[in-house]
Number of protein chains: 2
Amino acid sequence: MAIKYAILGLLHYQDMHGYRIMKHIQRNFGHMWTINYGQISRSLKDMEKEGLVSMQDVVPSDDGGPHKKLYSITPKGREEFARWLASFPDKGMLIRDPFLLRFVFFGFGERDQALKIIDEQIRIYEEQLERRKKNIAHWSGYPDYVRLTAELGLQFNRTYVNWLKRARKEIADGREEKGKKGKEKE
Amino acid sequence: MAIKYAILGLLHYQDMHGYRIMKHIQRNFGHMWTINYGQISRSLKDMEKEGLVSMQDVVPSDDGGPHKKLYSITPKGREEFARWLASFPDKGMLIRDPFLLRFVFFGFGERDQALKIIDEQIRIYEEQLERRKKNIAHWSGYPDYVRLTAELGLQFNRTYVNWLKRARKEIADGREEKGKKGKEKE
DNA sequence: GGATAACTATGTATAAAGTATATACTAATA
DNA sequence: TATTAGTATATACTTTATACATAGTTATCC
């Protein structure tokens, strides 16, 4: 359960409640992790049962805000996190890109439709790239591990956008019509 | 169910059995999709029920080899695939890297242990890069969509290895000790 | 020739992750 | 004062991923 360790790691910085953990992961780990509240909610409940975190109810009367559940990491949680951190990753990178899966098969469809989808993909990833460029400056004073991770996200984003634009151009220029269309390698 | 469309796409090229589909995805789509046999096996069974593929048992006496189940795409399968191909991807790229998740938290552990894990990661991805460099030449005559996708895989691999090496150097030089260790941004 | 390791081939049970949907309160804004 | 965006949580359901189990084939090593 990898989400578990992401949560335990974040709770090293400070106590948090579920929604804030989700927002943190979305904002700062977005290039290597996607998450939604349902997963956080379930994980926190399980982890409390396991004794890795402890929960404190923050009722509206306490701070004037909405009902929250504030989670802290326990000594047991710190132990398990440290063990995990020092262990070698057992699995490799997991990638799923619904766009690329289409892209590789675009030879079986209409070129104009393919170009439309590619253009939309360029729009999305250029926007993301601009957001990340703006954000990266804020990381300059932070620990190397965190800053370096953000920089990798930016580099992947840049590589992807450049590739998309080059691919779009090659396809628009009609080069795919000359290839051995429909053939595939083993 | 995205796996379904990967399978339907591959069956456009030729009839295949499950193990071969898995190997194909691992070898050629590894940078955009990860998969294991369990998923293929169940997907094919479901897809046969749905009428998207048809199955033909190849018993040992037929070809001397082991028992196989040869799958073909049906007209209904082609229709559904075409519909999917022309649709806009509803979800973005998903990346989950057990190494990067550790990396971002290495500030909470021992630097020497971190360096060991980083070195192992460099070894793994340099090996993968060499394999891909060798493979890419074989794609030169193939349709643009397929070749371009393979090229992106190579570029991502290269970006990752370069980043790993730079990160390793920065960390080995001890720069992470000077940072605001343990602090984290919101 | 026989062991053994690596590869081909499949299947099922279980665990983990991801999505859809629901509720409710707060803050901003038009 | 509506309405929208944002904060906050929870559960049911679906899809995806892993672990384990089986069995035959091919290659290699002694």
Side-chain angles (χ1 to χ4, degrees), chain A residues 1-7 15-27 29-30 32-50 55-71 89-98 101 186, chain B residues 1-7 15-27 29-30 32-50 55-71 89-98 101 186:
Chain A
M1 241 210 305
I3 295 163
K4 187 162 96 171
Y5 297 104
I7 293 172
D15 297 349
M16 294 190 201
H17 60 270
Y19 186 77
R20 199 168 165 201
I21 291 170
M22 178 191 62
K23 280 293 164 191
H24 192 105
I25 294 175
Q26 281 178 351
R27 279 183 202 135
F29 296 177
M32 63 177 204
W33 217 265
T34 44
I35 205 131
N36 67 73
Y37 187 75
Q39 293 168 262
I40 303 280
S41 177
R42 199 164 8 85
S43 297
L44 283 170
K45 222 172 73 179
D46 294 349
M47 287 160 76
E48 206 202 344
K49 255 185 225 158
E50 283 184 80
M55 189 268 278
Q56 184 201 342
D57 249 298
V58 179
V59 287
S61 54
D62 288 352
D63 67 347
H67 175 238
K68 294 175 191 176
K69 288 185 170 182
L70 195 66
Y71 289 91
D90 47 335
K91 293 164 212 160
M93 200 187 281
L94 183 86
I95 303 176
R96 273 192 352 247
D97 189 337
L101 188 64
E186 276 313 299
Chain B
M1 241 211 306
I3 295 163
K4 188 161 97 173
Y5 298 104
I7 294 172
D15 297 349
M16 293 190 200
H17 60 271
Y19 186 78
R20 199 169 166 202
I21 290 170
M22 178 191 60
K23 281 291 163 192
H24 191 105
I25 293 175
Q26 282 178 350
R27 278 182 204 136
F29 296 178
M32 63 179 204
W33 218 265
T34 43
I35 204 134
N36 67 73
Y37 187 77
Q39 295 168 260
I40 303 281
S41 179
R42 202 167 7 83
S43 297
L44 284 170
K45 221 171 73 179
D46 294 349
M47 287 161 76
E48 206 201 343
K49 255 184 228 160
E50 282 183 79
M55 191 267 280
Q56 183 200 343
D57 249 298
V58 180
V59 288
S61 55
D62 288 352
D63 66 349
H67 174 239
K68 293 175 194 176
K69 288 183 168 181
L70 196 66
Y71 290 90
D90 47 335
K91 291 165 212 161
M93 193 191 286
L94 178 87
I95 301 178
R96 272 197 347 252
D97 189 339
L101 188 63
E186 277 313 299

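In what follows, every chain begins at residue 1, and chains take the letters A, B, ... in the order their sequences are listed.
Looking at heavy atoms from C-beta onward, A:E50 lies in side-chain contact with A:K4 at the 4.5 angstrom threshold. The closest side-chain heavy-atom distance from A:I7 to A:M47 is below 4.5 Å.
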Inset, instruction - Dump the intermediate steps for side chain to side chain contact (heavy atoms under 4.5 Å, CB included) on A:R20 and A:K68, then the final yes or no. - result: CA-CA 10 Å; A:R20 199 168 165 201; A:K68 294 175 191 176; over 6 Å; no
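Atom CD1 in B:I95 sits roughly 14 Å away from atom P in D:dA17 (whole-Å rounding). B:E48 has its CD atom 14 Å from the C1' atom of C:dT10, to the nearest Å. With rounding to whole Å, B:K91 atom NZ is found 8 Å from D:dT15 atom C1'. Straight-line distance from the NE2 atom of A:H24 to the P atom of D:dA8: 15 Å, rounded to whole Å. In this structure, CG of A:L101 is placed 14 Å from C1' of D:dT16, rounded to the nearest angstrom. Per the geometry, CD1 belonging to B:I3 stands 13 Å off P belonging to C:dG18, to the nearest Å. At whole-Å resolution of the value, CD1 in A:I40 and C1' in C:dT19 are 15 Å apart. Nucleotide C:dA16 holds its C1' atom 12 Å from the CD1 atom of A:I35, rounded to whole Å.
Ring geometry for A:H24 versus A:F29: interplanar angle over 60°, hence perpendicular rather than tilted (30 to 60°).
The two residues B:G18 and B:L44 come nearest to each other via the heavy atoms CA-CD1, 3.7 Å.
Atom CD1 of B:I40 sits about 8.5 Å away from atom CD of B:Q26, to the nearest 0.5 Å.
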Inset, instruction - Sugar-phosphate means primed atoms, P, OP1 and OP2; the rest is base. With that split, encode nucleotides 9-14 of chain D 5' to 3' as B, S or - using protein heavy atoms under 4.0 Å. - result: BBB---
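Comparing D:dA19, C:dT8, C:dG18 by their closest approach to the side chain of B:L94 singles out C:dG18.
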